[in-house]
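After the structure tokens below, expect a handful of questions from me.
This one's a predicted model, so the numbers in the text were calculated from it and none came from an experiment. Reckoned from all heavy atoms, side chains included, excluding hydrogens, waters and symmetry mates. Positions are given from 1, in the same order as the sequence printed here.
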Amino acid sequence: MQPIIIEPRIKALRQRLRQGDFDAMLVVNEANVSYMSGFTNHDSFLFISGDNCGAANIFITDSRYIEQAEAECPDYSVMLYRNPNPTLAERMRELCAAYGVKRLAFERAHISYNLHEEISTALKETEFLPGENLIEDLRYLKDAAETERLRLACACTDKVFADICTFIKPGLTERDLEWALLQSVHKHGCEPSFPFIVVSGARGSLPHGKADNKELAAGEFVTMDFGCMYKGYHADMTRTVFIGQPTNEQRRLYNIVLSANLRAEEALRAGVMAQAVDAIARDHIGQEGYGENFGHGLGHGVGLDIHERPFMSRISEDRMEKGCVITVEPGIYLPGKCGIRIEDTVLVREDGCENLFSSAKELLCL
């Protein structure tokens, strides 16, 4: 497996700090910490200063993680915080003074009000200023090592879907199905990407419904939204299957969603606006008479977070670029009747996109 190379990411961030007139940055978001350091655990922070302020890479953690940090983050010096050591705010004051930092950036979307207040109070000679997507913009395109991990996560998710299709039968509950999905994820050496969605029959109209004790029954759709996480990288799949034999109208409804999925994926390529791809799927569903029954966006980026840029929706300003990994997940939800969603995780290429799943999308009747 290709190693994750951290040094180019640090170099790229320093360039963005220089462009934003920042001397250094405090990184608190867990996915951003992982991306910039290679760390695979929690409750840790990064202090990265620009070339004009010592080019320091400091990994800040407590005694629970110091051994792991030293092993996983060779590009960083490890510093302890938290009782009996200084607080994070005190560490920021020390580091800013040591490296002559006058303008310290923070992640506008991720810091709590409480932590912001503590650090702002501690910094007497340094401005504590919001930065916008300084690291998220670097994560927008996946490099070869990230793509490999995403491929493996998706391959394992395919195996989970194959497993679950042999398990589904009338009389099982949605919770039984959810548990079987989780067991299969672990069997294939992964962790779950997110809390799974398992809904059936009339409950299928809940796009993010939680599994409950409802029994699966013949004549119903079953929608499962699930995925494997492999070495921190997430896969996201939704498949809707049918128990028994569908009516002509049920099959037609399914094929409308499938056609929307296929049309959107056919349109995906580098340079296209996300809003335009969303419109292709949304317009098709609307033309078939179900426009009001598809309320959510068409898709979202996937990587170290299960939801990250780019986003595909009616209002998105994101542009598809070569190396984006994004979901395509149109759906139709009919309250009191059923719901159908079909979701792939795809890699955007210069001249199209590649579905990272191999699982069938045609209606499976179990």
Whether F47 and Y99 hold their rings parallel, tilted or perpendicular, with breakpoints at 30° and 60°: tilted
Test item: I326 and V346 side chains (from C-beta on) under 4.5 Å apart, heavy atoms: yes
Minimum-distance pair of heavy atoms, taken over all atoms of E321 and Y140: CG-CE2, 4.2 Å
For T61 against S44, the heavy-atom pair lying closest together: OG1-OG, 2.8 Å
Donor-acceptor pair, side chain of S184 and main chain of L181, under 3.5 angstrom: no
Heavy-atom donor-acceptor pair, R269 side chain to A267 backbone, under 3.5 Å: yes
Steps toward side chain to side chain donor-acceptor pair (under 3.5 Å) verdict (S200, E174): CA-CA 7 Å; S200 61; E174 293 172 354; 2.9 Å; yes
H284/Y290 under ring-ring contact (aromatic ring centres under 6.0 Å, His included): CA gap, chis, key distance, verdict: CA-CA 9 Å; H284 174 69; Y290 295 98; over 10 Å; no
Sub-4.5 Å side-chain heavy-atom contact between F39 and N41: yes
Close side-chain approach of L104 to L129, heavy-atom, < 4.5 Å: no
Any V28 side-chain heavy atom under 4.5 Å of V33 side chain: no
Side-chain donor/acceptor of D158 to backbone N/O of S359, under 3.5 Å: yes
Nearest non-hydrogen partners of Q245 and C365, listed with the distance: NE2-CB, 3.9 Å
Stepwise salt bridge (charged side-chain N to carboxylate O under 4.0 Å, His left out) check, R64 with D62: CA-CA 6 Å; R64 296 172 296 171; D62 62 46; 2.8 Å; yes
Steps toward side chain to side chain donor-acceptor pair (under 3.5 Å) verdict (N213, T173): CA-CA 5 Å; N213 291 321; T173 68; 4.8 Å; no
Ion pair check, E94 and R91, cut-off under 4.0 Å: yes
Electrostatic pair K102:E127 at N-O distance under 4.0 angstrom: no
Ring geometry between H208 and H307 (parallel below 30°, tilted from 30 to 60°, perpendicular above 60°): tilted
Chi angles and distances behind the side chain to side chain donor-acceptor pair (under 3.5 Å) call for H300, E329: CA-CA 9 Å; H300 55 85; E329 48 181 304; 3.1 Å; yes
Pairs meeting criterion ring pair (Phe, Tyr, Trp, His ring centres under 6.0 Å) with involvement of residues 225-251, two or more places apart: F221-F242
Within-4.5 Å side-chain heavy-atom neighbours: F161 and M224: yes
Contact check, side chains of Q250 and T247, non-hydrogen atoms, under 4.5 Å: yes
V348 vs V325, side-chain contact (heavy atoms from CB on, under 4.5 Å): CA-CA, chis, key distance, verdict: CA-CA 6 Å; V348 177; V325 176; over 6 Å; no
Spacing of L26 atom CG and M92 atom CE [to the nearest 0.5 Å]: 5.0 Å
Salt bridge (Lys or Arg N to Asp or Glu O under 4.0 Å) contacts in which one or both residues fall within residues 184-193, not counting sequence neighbours: D163-K187
T240 vs V222 side-chain heavy atoms within contact, under 4.5 Å: no
For the student: nearest non-hydrogen atoms of P310 and D318, plus distance: CA-OD2, 3.2 Å
Electrostatic pair E343:K361 at N-O distance under 4.0 angstrom: no
Value rounded to 0.5 Å, distance of CZ in R151 from CD in E146: 13.5 Å
Side chain to side chain, V160 and C228, heavy atoms closer than 4.5 Å: yes
Donor-acceptor contact present, side-chain S34 to main-chain G38, <3.5 Å: no
Donor on one side chain, acceptor on other, E72 and T40, under 3.5 Å: yes
R14 side chain to N57 side chain, donor-acceptor N/O pair below 3.5 angstrom: yes
Test log, rule side-chain contact (heavy atoms from CB on, under 4.5 Å), inputs R82 and N85: CA-CA 5 Å; R82 190 172 279 163; N85 300 291; 5.8 Å; no
Shortest non-hydrogen separation from R314 to G295 and the atoms involved: NH2-O, 3.1 Å
Pairing of E308 and K142 as salt bridge, 4.0 angstrom limit: yes
Check: E118/N114 side-chain N/O donor and acceptor closer than 3.5 Å: yes
Carboxylate-amine/guanidinium contact R239 D225, below 4.0 Å: no
Expected output: side-chain E90 to main-chain T87 donor-acceptor under 3.5 Å: yes
Distance in Å, R108 CZ paired with E136 CD, rounded so as to fall on 0.5 Å steps: 12.5 Å
Donor-acceptor contact below 3.5 Å, side chain T157 vs main chain A153: yes
Worked check of side-chain contact (heavy atoms from CB on, under 4.5 Å) between I60 and L95: CA-CA 11 Å; I60 304 168; L95 289 168; 4.0 Å; yes
side-chain contact (heavy atoms from CB on, under 4.5 Å) assessment of F128 paired with I111: CA-CA 12 Å; F128 196 39; I111 194 168; 3.8 Å; yes
Evaluation steps, salt bridge (charged side-chain N to carboxylate O under 4.0 Å, His left out), between K214 and E220: CA-CA 12 Å; K214 179 194 173 298; E220 292 185 339; 2.8 Å; yes
T327 vs T345, side chain to side chain donor-acceptor pair (under 3.5 Å): CA-CA, chis, key distance, verdict: CA-CA 4 Å; T327 67; T345 296; over 6 Å; no
From L141 atom CG to R309 atom CZ, the distance as rounded to the nearest 0.5 Å: 10.0 Å
N-O pairing of R252 and E288 below 4.0 Å: yes
Least distance between heavy atoms, I48 atom then L13 atom: CD1-CD2, 3.7 Å
Gap separating the CD1 atom of I256 from the CD1 atom of I342, nearest 0.5 angstrom: 11.0 Å
Member of Y76, F106, Y81 meeting the ring-ring contact (aromatic ring centres under 6.0 Å, His included) criterion with F45: Y81
